[in-house]
Amino acid sequence: MNPGASIDAIKGVGDVTAEQLRQGGISTIYDLINFLPRAYEDFSTVSNISDIQPGNVTIRARCETVATRPVRRGMRITTATLYDQSGKIQAVWFNQPYREKQLKTGEEFVFSGTFEFSYNRYQLTNPSAEKTADLPVASHQLLPVYRMIQGLKVPFLRKLLTEVKPLMTRLGETLPVEVIRDERLLPRGEAVAAMHFPDSPDQLARAKERLAFEELFALLLASQLNKEEMSKLEGYGLPFDQAIVKQFVAALPFELTGAQRLAAWEILQDLEKSSPMNRLLQGDVGSGKTVVAGLVARQVAYRGYQTAIMAPTEILATQHAATLDKLLSPFGVAVGLLTGSVKGKAREQLYTAIADGTVQVVVGTHALIQSSVVFHRLGFVVIDEQHRFGVAQRQALLSKSDKMPHLLAMTATPIPRSLALTVYGELDISLLNERPKDRKDIETKIWSPNSRSQLYGLIEEQLKLGRQAYVICNLIDDNPDNERKSVEAEYKKLRVGDFKHRRIGLLHGKLKPDEKEAVMRQFSNGDLDILVSTTVVEVGVDVPNATVILIEDADRFGLAQLHQLRGRVGRSSHQSYCYLMVSSSKAPSRRLKEVEKSNDGFYLAEVDLELRGPGEIYGRAQHGELNLQVANLADTKMIKRAQQAVQRFLKSRTDLLQYTQLAKEVETYQRLTTLN
Ligand code: ADP
Ligand code: MG
């Protein structure tokens with residue numbers, strides 16, 4: 001057997017199993033070896049039922065009774081009574097009805113899960129269950145847990161891994177020898193074998209260190225190489241014209257903040273270079289990113305190039321087009337709007353105007369990346385709320401130019417410093433860490449339903465002053481159809497209830513684009529007092545006269561989402577208010593309390609990172625495709641270490657190609673992260 005061989009070369013793997021493995025992404029023995037555990041259960045800490053304390057616990061027990069019942073639509077709960085020689089305990093699984101069949105076998109299992117107080121009693125929630133008889137004898141302390149492969153039983157997978165274990169230790173080295181030596185890392189083969197068959201927690205830690213280091217090394221090396229390659233690309237050098245910028249700034253109805261000036265300056269500097277800009281503009285909600293993009297677009301138009309601005313929703317694209325038109329038309333710069341609802345003749349005309357350069361600034365949704373959109377001279381690309389777009393969409397827009405256009409990605413989701421290096425390694429970063437000076441903190445308060453009429457009184461006070469309010473509703477359960485129901489119900493309730501004398505609008509994702517736009521226009525023109533909406537207004541929407549946002553069922557939203565929603569108010573010099581209505585009588589979560597306490601998006605991002613972990617936040621959203629199996633993006637120390645090793649490696653001018661496997665990994669990362 002050699003690692004390159006197909007999976008059916010292993011004794012005991014027939015056609016069916018081989019196909020199941022292939023479906024699970026394992027085609028070769030090498031793939032199997034690299035199918036690393038996603039977690040470990042620590043059986044060195046098996047407790048007696050009578051001794052367990054709240055927290056993570058592992059017990060060895062049998063099942064006395066087990067039953068499954070439906071609770072609400074689509075949700076099933078399986079409860080079981082488990083026992084060992086010391087006592088009994090209740091276990092609960094959500095939507096895992098197969099547990100019933102599994103436990104009826106009467107055998108002894110090892111259960112591992114969280115022991116907690118919920119639904120008025122102590123219980124073991126969603127524990128894993130492994131037949132004691134199936135547990136490998138050798139690793140009786142730390143048991144690897146693997147991602148599920150359809151149709152494949154874990155004990156069988158372990159058997160296969162045991163078959164190929166001898167191959168593991170003979171795996172070739174992937175990291176440069178100097179790196180292994182300087183960082184005192186385990187050899188690759190030893191590390192991989194220890195991941196599957198750990199002898200001790202210590203050895204496992206060393207194995208994880210080695211593999212995490214390798215992943216980060218490859219990722220950081222890829223972004224360094226991308227950066228180097230970018231700097232060699234030929235772009236458009238657009239000389240800075242002070243008079244033009246001054247004129248733009250003088251015409252603004254407000255004074256730019258220091259942070260806005262600095263960011264604009266950094267961008268204009270980049271534009272002068274012949275290599276393309278690759279910059280992220282990070283600014284908290286309401287910090288004024290749009291005007292910075294507008295200022296730069298003015299300069300770009302003056303130099304005879306076009307700007308494309310891509311926004312994630314029609315509502316936002318429409319709003320940006322209006323804002324930029326107001327800012328730019330006085331200087332004779334034509335702004336166009338391209339979304340899915342621009343149709344027929346109007347669309348054809350717009351295509352022509354984009355192609356001949358009459359329209360200099362094109363704002364749109366992902367409609368911009370369609371092949372029918374041809375630019376005259378695209379020099380500057382802005383991606384608003386960039387975390388809402390994939391790499392492919394960014395690249396598609398950038399490729400609509402002869403040379404590489406300058407890129408500005410904007411985001412209101414601040415990313416903690418420690419993470420910027422890995423998640424945005426190849427980007428330069430500008431920060432808007434200052435709010436316009438007339439802004440006050442948004443007063444934020446958690447409310448419970450029994451004070452609702454008092455709260456409505458406060459909202460009414462604001463409406464009497466001529467201000468406007470948002471009421472945000474969330475899903476009642478996991479069924480997206482019910483989102484609409486809940487927002488419609490709220491709308492009806494308010495219209496006949498406390499606010500029947502008010503003009504109320506309704507907005508949700510199921511409306512047609514032109515209906516959405518009409519409601520949004522009414523609200524931003526002040527023709528509506530209250531907008532009852534789903535989270536479609538979550539990002540970007542800017543109606544400065546709105547000073548109240550009431551978020552219903554606030555405990556169902558994530559921290560970043562709450563902060564974004566709150567950012568819909570506090571966009572003028574008026575005092576603004578955010579009310580977080582909690583549905584249950586439970587004590588408010590830490591999440592809600594933090595939002596109540598702080599208006600600072602950067603601080604809240606740190607809290608979010610602490611509460612949820614980087615995998616949840618950045619894992620899927622940013623690096624879903626990157627497949628970091630072991631590395632922890634919150635491990636700042638390790639990231640720094642890997643970064644330094646990358647610098648040393650680049651300085652040593654070692655030829656990467658002599659490390660075939662590493663070069664391949666780096667290339668994959670490069671392809672996935674590159675912007676060109
Ligand atoms: P975001 O950074 O969330 O995208 P916007 O660009 O939508 O923020 O700006 C928020 C609001 O603040 C807009 O109404 C904008 O006109 C206004 N604004 C931007 N910069 C300033 C400033 N320096 N002073 C006062 N108001 C500003
Ligand atoms: Mg914005």
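The basis for the numbers below is simple: all heavy atoms, side chains too, and nothing from hydrogens, waters or symmetry mates. Whatever order the structure lists ligands and atoms in, that order sets their numbers, starting from 1.
- Considering only non-hydrogen atoms, atom 9 (O) of ligand 1 lies nearest to Gly288 out of Gly283, Gly288, Ala293.
- The heavy-atom pair separating Gln299 from Val245 by the smallest distance is OE1-CG2, 3.5 Å.
- Among protein heavy atoms, atom 17 (C) of ligand 1 sits closest to Arg439 NH2, 3.5 Å.
- Scanning the protein heavy atoms around atom 20 (N) of ligand 1, the nearest turns out to be Gln260 NE2, 3.0 Å.
- Here is the list of ligand 1 atoms found below 4.0 Å of a heavy atom in Thr257: 23 (N).
- Here the heavy atom of the protein found nearest to atom 21 (C) of ligand 1 is Phe254 CE1, 3.3 Å.
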Set out, in order, the CA-CA distance, both residues' side-chain angles and the distance that settles salt bridge (Lys or Arg N to Asp or Glu O under 4.0 Å) for Glu552 and Arg452, then state yes or no. CA-CA 11 Å; Glu552 295 285 350; Arg452 192 174 276 281; 2.8 Å; yes

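- Looking from atom 14 (O) of ligand 1 to the surrounding protein, the closest heavy atom is Asp542 OD2, 2.7 Å.
- Ligand 1 places these atoms under 4.0 Å from at least one heavy atom of Val285: 3 (O).
- Of the protein's heavy atoms, Arg571 NH1, 3.0 Å lies nearest to atom 7 (O) of ligand 1.
- Within the structure, the closest approach of Ala412 to ligand 1 does not fall below 4.0 Å when heavy atoms are considered.
- Under 4.0 angstrom from ligand 1, the non-hydrogen atoms of Pro544 all belong to its side chain.
- Distances between N or O atoms of Gln319 and those of ligand 1 include no value under 3.5 Å.
- Environment of CD in Gln370: crowded, with over 12 heavy atoms of neighbouring residues, nucleotides or ligands closer than 6.0 Å.
- Residue Arg303 places its CZ atom among more than 12 non-hydrogen atoms of other residues, nucleotides or ligands, all under 6.0 Å distant.
- If you check the side chains of Arg435 and Thr257, you find no donor sitting under 3.5 Å from an acceptor.
- Between the side chains of Glu594 and Tyr603, a donor-acceptor pair is found at a separation under 3.5 Å.
- Using a 4.5 Å heavy-atom cutoff, the side chains of Glu517 and Thr339 are not in contact.
- Judged by the 6.0 Å and 45° rule, Arg568 forms no cation-pi pair with Tyr470.
- For atom 24 (N) of ligand 1, the closest non-hydrogen atom on the protein side is Pro436 CB, 3.3 Å.
- Close contacts of ligand 1 with Ser287, meaning ligand atoms under 4.0 Å from a residue heavy atom, involve 2 (O).
- The CD atom of Glu488 sits 6.0 Å away from the CG atom of Leu506 when rounded to the nearest 0.5 Å.
- In the displayed structure, Lys445 atom NZ is contacted under 6.0 Å by more than 12 heavy atoms of other residues, nucleotides or ligands.
- In Glu255, the part holding a heavy atom less than 4.0 Å from any atom of ligand 1 is the backbone.
- Close approach of ligand 1 to Leu256 is summarised as follows: ligand atoms under 4.0 Å from at least one heavy atom of the residue are 23 (N).
- Contacts with ligand 1 closer than 4.0 Å are made by heavy atoms of both the backbone and the side chain of Thr290.
- The protein atom (non-hydrogen) at minimum distance from atom 1 (P) of ligand 1 is Lys289 NZ, 3.5 Å.
- Between Gly286 and ligand 1, a contact under 3.5 Å exists for at least one N or O pair.
- For the atom pair Asn525 CG and Asn545 CG, the distance stands at 11.0 Å (nearest 0.5 Å).
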